[in-house]
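Counting convention: from 1, in listed order, for ligands and their atoms alike.
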Amino acid sequence: MNTLTIVDNRTGKKYELPIQDGTIRAMDLRQIKATQDDFGLMTYDPAFMNTANCKSAITYIDGDKGILLYRGYPIEKLAEESDYLETAYLIVFGELPNSAQLKTWTHEITSHTMLHESTKKFIEGFQYDAHPMGIFLSTVGALSTFYPDAKQIFDESGRLRQIHRLIAKVPTIAAYAFRRGIGWPYVYPDNDLSFTANFLNMMFRMTEVRFHANPVLTRALDVLFILHADHEQNCSTAAMRAIGSSHVDPYSALAGAAAALYGPLHGGANEAVLRMLNEIGSIDKVPDFIKRVKSGEGHNRLMGFGHRVYKSYDPRAKVIKRIADNVFDVTGKNPLLEIALELERIALQDDYFVTRKLYPNVDFYSGLIYQAMGLPVEMFPVLFAIPRTAGWVAQWQEMLLDPEQKIARPRQIYTGPAPREYVPLDKRS
Ligand code: ACO
């Protein structure tokens, strides 16, 4: 019998609640009241540790077994066989494209990569040393002012147009943010190139007529983009859904999602990993660093380790470790790799990490690869945001089309003072 029987010991009343998909509906608890005028029972779940906020058909994670599927396809298979644009199509539409669909999709994305010229002026307004992620998220938000049609979120073709624009324009914004910081002239998108080759072209082309990105690096970036494309209800995706639930345009919602990704506990972690590895400096300092992490001294955490959902090795980290060798064959080894490998070796044997099920996550090795490819540390969260845009827009659209969804509005337990008399300024002690 798929029900849950609850006895309220305050009243002796018994309730039977249906269980579906391993959950009870929180609203079913509302009928449980201690008195007639009682509001009804709520659940208290800070940080949503055990609350499903939606039904989603996009991404499946089994955190104990280390399984990650996009629309049913294992991440390892997609990383082996697909490219990022094909994966983005899968995430947005639910099926892998046939060749005609892929052609149209690629054409649509490619023909939306340009930015309005005013965007450049907007980017110029930032301080010379502005963090590229700050530029990125502000510029994405500013796109809403260029596309007022984006407010028509229930118009299917309009929504698709914004999805094309967003996926297409984020690499251009990212590259402009990067070049703004070093004072290089902006490079316009090249529609003859693949998604990742075009991005590398916009990042690194100088005076040459055509920049030829190394195909090994282009493919590695493509795989990294596939691995980062979606990850169900993480902090930034939850932000995208919550902001989008107010029916704001997707550019404004995505700016908020990118802001959530910026934090060091989320997409800022790969940047934090590199800073941590630099701070450790050499292999012989690793044991001492681990000791400090365990003692909680200075609020140190082993960045790139641990995950809210994965309680085993992050499957994305496994794929990244494999492609790292191909990248390092081309670029030469990143000197920080040895420190990272030693950290992992010691941590995976240490009781503190073993008992808490703390394993390397996607960010532990991705930064080393990005750095070896010549991408600066400040760009790491931006490099995460580019592919995650596919996940954000797919989750946003799924939320909008879900008849059960409403504006996101959590409850609270009030802990402030009871009603009291207002004290005029001259009477306050
Ligand atoms: N180093 C040291 N100890 C850790 C770490 C870590 N990286 N992560 C968790 N712990 C410890 C906590 O101190 C806690 O110990 P306690 O039970 O003795 O208090 C226990 O493990 C559980 O940790 P929580 O913080 O409760 O786990 P939570 O699920 O809230 O956090 C998170 C997950 C934020 C990812 C955390 O593991 C962390 O801060 N990791 C480092 C940052 C990082 O790599 N983030 C990237 C995540 S992947 C992504 O966003 C793409």
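Between Y359 and F305, the distance separating the two ring centers is not shorter than 6.0 angstrom. Ring centroids of H231 and Y310 are separated by less than 6.0 Å, placing the two rings close together.
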Between side-chain atoms of residues 129-139 and protein atoms elsewhere (two or more places apart, or another chain), which donor-acceptor pairs fall under 3.5 Å?
residue : atom : partner : partner atom : Å
H131    : ND1  : M133    : N            : 3.0
H131    : ND1  : Y262    : OH           : 3.3
H131    : NE2  : E271    : OE1          : 3.4
H131    : NE2  : E271    : OE2          : 3.3
S138    : OG   : G134    : O            : 2.6
T139    : OG1  : I135    : O            : 2.6

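Listed by number with element, the atoms of ligand 1 under 4.0 angstrom from any heavy atom of G306 are 35 (C), 37 (O). Which parts of ligand 1 touch A269 is read off a 4.0 Å heavy-atom cut-off, strictly below it: atoms 43 (C), 44 (O), 45 (N), 46 (C). Ligand 1 places these atoms under 4.0 Å from at least one heavy atom of V362: 51 (C). Atoms of ligand 1 lying under 4.0 Å from at least one heavy atom of Y352, given by number and element, are 2 (C), 3 (N), 4 (C), 11 (C), 13 (O). Applying the 4.0 Å criterion to heavy atoms of G304 picks out, from ligand 1, the atoms 43 (C), 44 (O).
Aromatic ring orientation, F178 versus F204: perpendicular (interplanar angle above 60°, classes split at 30° and 60°). H228 and Y370 have tilted rings, their planes meeting at an angle from 30° to 60° on a 0 to 90° scale.
Less than 4.0 angstrom separates atom 26 (O) of ligand 1 from none of the non-hydrogen atoms of the protein. For atom 22 (C) of ligand 1, no protein heavy-atom neighbour is present inside the 4.0 Å cut-off. Protein heavy atoms come within 4.0 Å of atom 16 (P) of ligand 1. In this structure, atom 50 (O) of ligand 1 has a protein heavy-atom contact shorter than 4.0 Å.
Of the candidates R308, H266, K311, M49, R308 brings a heavy atom nearest to atom 28 (P) of ligand 1. Looking at I290, L302, N234, it is L302 that brings a heavy atom closest to atom 6 (C) of ligand 1. Here atom 20 (C) of ligand 1 lies nearest to R356 when heavy atoms of R356, H307, K357 are compared. Across L265, L227, N270, heavy-atom proximity to atom 45 (N) of ligand 1 is greatest for L265.
Residue E95 qualifies as open at atom CD: its count of foreign heavy atoms under 6.0 Å is 12 or below.
Contact annotation: F384 has at least one heavy atom less than 4.0 Å from an atom of ligand 1.
Between E76 and K318 there is no salt bridge, since no side-chain nitrogen of the basic residue lies less than 4.0 Å from a carboxylate oxygen of the acidic one. Ion pairing between K55 and D402 fails under the 4.0 Å rule for side-chain N and carboxylate O.
Residue D363 touches ligand 1 through its side chain alone, judged by heavy-atom distances below 4.0 Å.
Checked against side-chain contact (heavy atoms from CB on, under 4.5 Å), P335 has no partners two or more places apart in sequence or in another chain.
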